[in-house]
Chemist: 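Structure below; questions to follow.
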Amino acid sequence: MDNICVIGLGYIGLPTSGIFAQAGANVHGVDINEDVVDTLNKGNIHIEEPGLADVIKDAVASGHLTAGTTPKEADVFIIAVPTPVYDDQTANVTYVEKATKNILPYIKKGDTIIVESTIPPRTIYDNVAPILTEAGWDLDNNDLYLSHCPERVIPGKIMTELKENTRIVGGYTEEAAEKAANVYRRVVEGDIFETTALTAEMSKLMENTYRDVNIALANELAKVSEKLNVNAHDVIHLANMHPRVNIHQPGPGVGGHCIAVDPYFIIEKAKDISPLMQAAREINNSMPDFVVSQVDKLTKNISNPKVAVLGLTYKGNVDDVRESPAIDIVFKLTNNKKHYDVYCHDPHVKQQHVPLRLHDMEEALKQADVALVLADHNEYKEMDPSVFADHMKTPVVLDTRNCLPASTGKTLIHPIGNLSGLEPIDA
Ligand SMILES: NC(=O)c1ccc[n+]([C@@H]2O[C@H](COP(=O)([O-])OP(=O)(O)OC[C@H]3O[C@@H](n4cnc5c(N)ncnc54)[C@H](O)[C@@H]3O)[C@@H](O)[C@H]2O)c1
């Protein structure tokens, strides 16, 4: 099998390296972070993802996977570096540009170059291709086969979805799409659809924009339901019995590196004609304020309230805190005029990855006035709700993920979609 060089060994690049190595390819992984490279060369991993550790351990032990801070010659280059947004919410594609420049000394005629990073429409044509053509390669005549193959795995199931998901392969030329499709056919069991790079870029962005808009609708329903004293969860349950309706679940906001970011890549290129996408972003970004307003309401009669925050990641059972609304909520509470005393707990997050002090569960809950569940980790879903009553001053819980059981005994649980019974706690 071909030699593959994967640039960027994060949540996407590392599992991708692992499955290609497992399938028998010789994979060289590259990362600018020396700690990532050292950890990998010891057969260990630096991220949490079920099933990944064993695959990487075996791949390193068998010699099919090596890592370094510089690329090596290969037949296939896969670029999986970050594409964040700047503060003004425009895309930062400089990581992709740098990664492309970094492989220039190692590429040869006939190589396949695949950008897996999520990128704004036209990035392949306007940012990546010019770097290669300026270096003398004729892409129109397939000196190199350049394509964009967006990734659509869900953290927590990356190892199975990498193989099972349907893939879109967008080529700079038709031949480039075919070459890239053949690379993935070695590991992907799902269907692989070939198209142009631009259509692939837009398809990936629209997948996450679709989800952002639908989550915004559920979040708006939660706010409207609070005003109208309706239980949004009952409404969603019943409305979804319609065969063509699928209202999503409300929550504390949208985080992570995909749904909270990708719509901006389209908005940036079509600001005047994308009001729905912009409104969805605004609604989802407003949810942390909505959550804080509910905590304010609960603690109206208490001075210097103690709040236990359970869960800091952007979703349950992952260790990823990027763009997490939970972090936003904690800062909004600590900077609030009420001077909340906030104690955070998250069994999945390492202290060095968050700018907040972490506590164990007992410390966080001890004498707390309110507990705020911000991530639906199994540890919280499976917890006996009497734990809240055992430790808290007043066992009142605001469940922004609707993941806990109903109120029981002394423990009062308010799910975000059903805030009609929410009354200020007695001082
Ligand atoms: N995480 C997901 O679930 C997911 C899903 C689909 C698509 N994506 C997209 O995939 C891309 C990568 O995301 P991720 O979550 O793996 O990011 P990540 O931050 O976990 O990993 C990226 C890695 O690239 C390294 N890096 C940065 N610049 C580099 C360079 N010039 N050379 C070598 N290494 C470099 C970083 O040190 C980091 O380890 C992004 O565009 C993201 O939007 C991510």
Side-chain angles (χ1 to χ4, degrees), residues 118 150-158 161 165-166 203-267 274-291 293-294 311 313-318 320-326 328-329 372-378 380-381 398-406 413-420:
T118 306
E151 188 47 76
R152 44 162 70 137
V153 288
I154 186 165
K157 285 192 191 160
I158 292 180
E161 289 208 353
N165 283 358
T166 297
S203 306
K204 165 69 193 178
L205 299 175
M206 277 312 294
E207 289 165 16
N208 284 335
T209 303
Y210 168 89
R211 300 191 59 214
D212 198 47
V213 169
N214 280 285
I215 296 167
L217 187 62
N219 282 335
E220 194 160 272
L221 169 64
K223 289 180 177 180
V224 171
S225 298
E226 189 238 359
K227 187 174 164 70
L228 302 182
N229 273 333
V230 190
N231 182 342
H233 299 293
D234 289 346
V235 173
I236 293 169
H237 175 67
L238 294 172
N240 283 352
M241 286 179 181
H242 183 293
R244 285 167 295 281
V245 172
N246 179 21
I247 303 177
H248 291 23
Q249 295 297 316
V254 172
H257 219 272
C258 289
I259 302 177
V261 172
D262 296 357
Y264 291 124
F265 291 5
I266 303 178
I267 293 168
S274 55
L276 179 61
M277 298 180 196
Q278 293 175 50
R281 286 279 67 239
E282 275 164 33
I283 292 164
N284 290 334
N285 285 341
S286 75
M287 291 312 285
D289 280 327
F290 178 70
V291 171
S293 73
Q294 300 306 312
T313 57
Y314 80 93
K315 62 176 227 161
N317 302 319
V318 298
D320 194 346
V321 292
R322 290 178 295 178
E323 316 292 330
S324 176
D328 201 11
I329 288 167
L372 198 47
V373 176
L374 297 178
D376 47 348
H377 294 318
N378 287 346
Y380 305 142
K381 289 197 249 182
L398 183 58
D399 176 9
T400 70
R401 296 288 182 175
N402 192 31
C403 66
L404 301 184
I413 297 174
H414 298 288
I416 193 165
N418 184 16
L419 300 169
S420 49

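Heavy atoms only: backbone and side chains are in, while hydrogens, waters and symmetry mates are out. Please read all numbers here as calculations on a predicted model, not as lab measurements.
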Chemist: To the nearest 0.5 Å, what is the distance between CG on N214 and CD on Q249?
Modeler: 12.0 Å

Chemist: Report the distance from atom CG of N208 to atom CD1 of I259, rounding to the nearest 0.5 Å.
Modeler: 5.0 Å

Chemist: Tell me whether Y380 contacts the main-chain N or O of G311 through its side chain, where contact means a donor paired with an acceptor under 3.5 Å.
Modeler: yes

Chemist: Could I get the full list of salt bridge (Lys or Arg N to Asp or Glu O under 4.0 Å) partners for R322, not counting sequence neighbours?
Modeler: D320

Chemist: Which value, rounded to the nearest 0.5 Å, describes the distance between T209 atom OG1 and M277 atom CE?
Modeler: 5.5 Å

Chemist: If the condition is salt bridge (Lys or Arg N to Asp or Glu O under 4.0 Å), which residues does D289 pass it with, not counting sequence neighbours?
Modeler: K332

Chemist: Identify the heavy atoms of T400 and I416 that sit nearest to each other, and give their distance.
Modeler: O-CG2, 3.7 Å

Chemist: Nearest 0.5 angstrom please: K223 NZ to L228 CG, how far?
Modeler: 14.0 Å

Chemist: Looking at K315 and D376, is any side-chain nitrogen of the basic one under 4.0 Å from a carboxylate oxygen of the acidic one?
Modeler: no

Chemist: What distance do D212 atom CG and N284 atom CG have between them, rounded to the nearest 0.5 Å?
Modeler: 4.5 Å

Chemist: For I154, is there any backbone N or O sitting under 3.5 Å from a side-chain donor or acceptor partner on E161?
Modeler: yes

Chemist: Is there a donor-acceptor contact under 3.5 Å from the side chain of S420 to the main chain of N229?
Modeler: no

Chemist: Is the closest side-chain donor-acceptor distance between H414 and D399 under 3.5 Å?
Modeler: no

Chemist: Hey, could you give me the OH/CD distance between Y264 and Q278, rounded to the nearest 0.5 Å?
Modeler: 9.5 Å

Chemist: Keeping the roles fixed (side chain from N219, backbone from G251), state whether a donor-acceptor pair exists under 3.5 Å.
Modeler: yes

Chemist: Any donor-acceptor pair under 3.5 Å linking the side chain of D262 with the backbone of L205?
Modeler: no

Chemist: Any idea which heavy atoms bring A222 and G417 closest together, and the distance?
Modeler: CB-CA, 4.5 Å

